[in-house]
A.B. asks: 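Take a look at the following structure, please.
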Amino acid sequence: MTDKELTLDPEQWSEMRRLGHQMVDDMMNYLENVSNTPVWKSMPDKTKKYFEQSVPLDGSNVEDVYEEFKENILPFTQGNIHPKYFAWIQGSGTPLTALADFLASTMNPNASIGDHAARYVDSQIIEWMKQILNFPSDGSGIILSGSSMANITALTVARNQKINENIRKEGIKLTEELPIIYCSTETHNCIQKAVEIIGLGSNSLRRIEVNSNYCIDVQKLKKQIEFDIESGLRPICIIGNAGTVNTGAIDPLEEMLEISRKYDLWFHIDGAYGALAKLSDLYCNSLKAIELADSVAFDLHKWLHVPYDVGCVLFKDKKAHHDSFVVTQNYLQQKTRGLSGGIETTNNYGFELSRGFKALKVWMTLKEHGVQKFAKLIEQNIYQAKYLEKLVLLNTNLELVAPVSLSIVCFRYTRVSVSDNELNEINKEIVILLQEKGLAAPSSTFLLGKYVIRVCIVNHRTTLGDIEKLIENIISIGNQL
Ligand SMILES: *Cc1c(COP(=O)(O)O)cnc(C)c1O
């Protein structure tokens, strides 16, 4: 033990302050020039090796730590903030929200408990989310790390409501009829995991076939529900997609809602990607059923461009939501005054206790830009997808493989008298070469047995010029293969 007491604060605040300023300058330059850098580059073996070093026993100078970050970490980014990134449904971040993360981490509160500002921002964001989706104002919700968590939170409440009011105490009784949840074959795999984790088992999940638009076939859905009821099983929930991951398909939500009412089932919507498109006139009708759903999950790190990781789930029935998670433990008990006063803990509305101040960046970006700007940006991406669709349809070397919905375009490069197998190989190579050359980063998927190039445009930096360049590069690489 030294005679001086230890702390993690710097000995020289001036040094830390200088480094902080440097970091802000570097990161703003980085963002300002991001479009001139390669979208992605693979990490050299020497850098991969660097990450095998064992845990440091002694500290180093902060300047050196930052240099190591700049050399080994920063250059090998995923690329999703780049305008030519089209790989997955990912948002692209903004300068102010990056700074907001710094502010939130500096304050470093736990946004679940206590009477302090983060709690009020957190609950204001839930109110704003309800307003954005025109969701019932007496509904409830919680900010989570993403839609995987939002979906499992929703399905937990659905299960508790529809199976048995004592389920929290007694669990699922094996003697009871098997509860059944319905969704389309195009549903995200987090739903299957959620169904498994909440104890129903994946046999409880019925994946209903889709039509040629990749939307659930509602006739088959109805038939399956009736068949299951006749077989002595117990349907409890229908899940609709507001934008599937694969092709952006929006299930016929109104019809699914009607079916759920007819059979007294919970209606949940996975709107991780597409729910916010409700802000646009183009989609406000096809997404209107969100207003009447029992629950909806959606991401703010996708079309709201908030840095990872922020998702949200809303519930029409606040009591049902609360009943699923409330626990009263002495040390968390609500007081009327002091630090334990104020808003009820969000721990009564979800599984997580410790929660970071994610809400601050959401709050700041909505203050900075206003909701209407986000509506326009979503429409811009939808328009860019339509433009890409047009370029594909006009080019004899390109074939559209799925109908364009929201902002996903699935197509492939093609040539006369080349077999499907060869085309699969050619398209696979095109996608990889685009990525390795740092020219663009689309992803791929399999549709109708064809290997297709999948372009997701969820990016406020992407321009029509980027779309044209993408097509140019695909054709030129394809022609050389
Ligand atoms: C992204 C996505 C998810 C998963 O959400 P995370 O935020 O990645 O956990 C689920 N469903 C759909 C349709 C998605 O697009």
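One-based numbering, in listed order, for ligands and for the atoms of each. Position 1 is the first residue of the sequence, and the numbers go up from there.
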A.B. asks: Quick one: pull up CG in Asn213 and OG in Ser405 and give me the separation to the nearest 0.5 Å.
C.D. replies: 8.5 Å
A.B. asks: More than 12 heavy atoms of other residues, nucleotides or ligands under 6.0 Å from NZ of Lys222: is that the case?
C.D. replies: no
A.B. asks: Kindly state whether the ring of Tyr451 and the ring of Phe446 have centres lying under 6.0 angstrom apart.
C.D. replies: yes
A.B. asks: Taking ring-ring contact (aromatic ring centres under 6.0 Å, His included) as the cut-off, I'd like each qualifying pair that reaches into residues 300-323, sequence neighbours left out, listed once.
C.D. replies: Tyr273-Trp303, His301-Tyr308, His305-His460, Phe315-His321, His321-Tyr349, His322-Tyr349
A.B. asks: Kindly state each residue pair satisfying ring-ring contact (aromatic ring centres under 6.0 Å, His included) with at least one member in residues 82-106, sequence neighbours excluded.
C.D. replies: none
A.B. asks: Can you list, by chain and residue number, every protein residue with a non-hydrogen atom closer than 4.0 Å to ligand 1?
C.D. replies: Ile89, Gly146, Ser147, Ser148, His188, Cys190, Gly243, Val245, Asp270, Ala272, Tyr273, Asp299, His301, Lys302
A.B. asks: Can you name the residues that form a ring-ring contact (aromatic ring centres under 6.0 Å, His included) with His188, not counting sequence neighbours?
C.D. replies: none
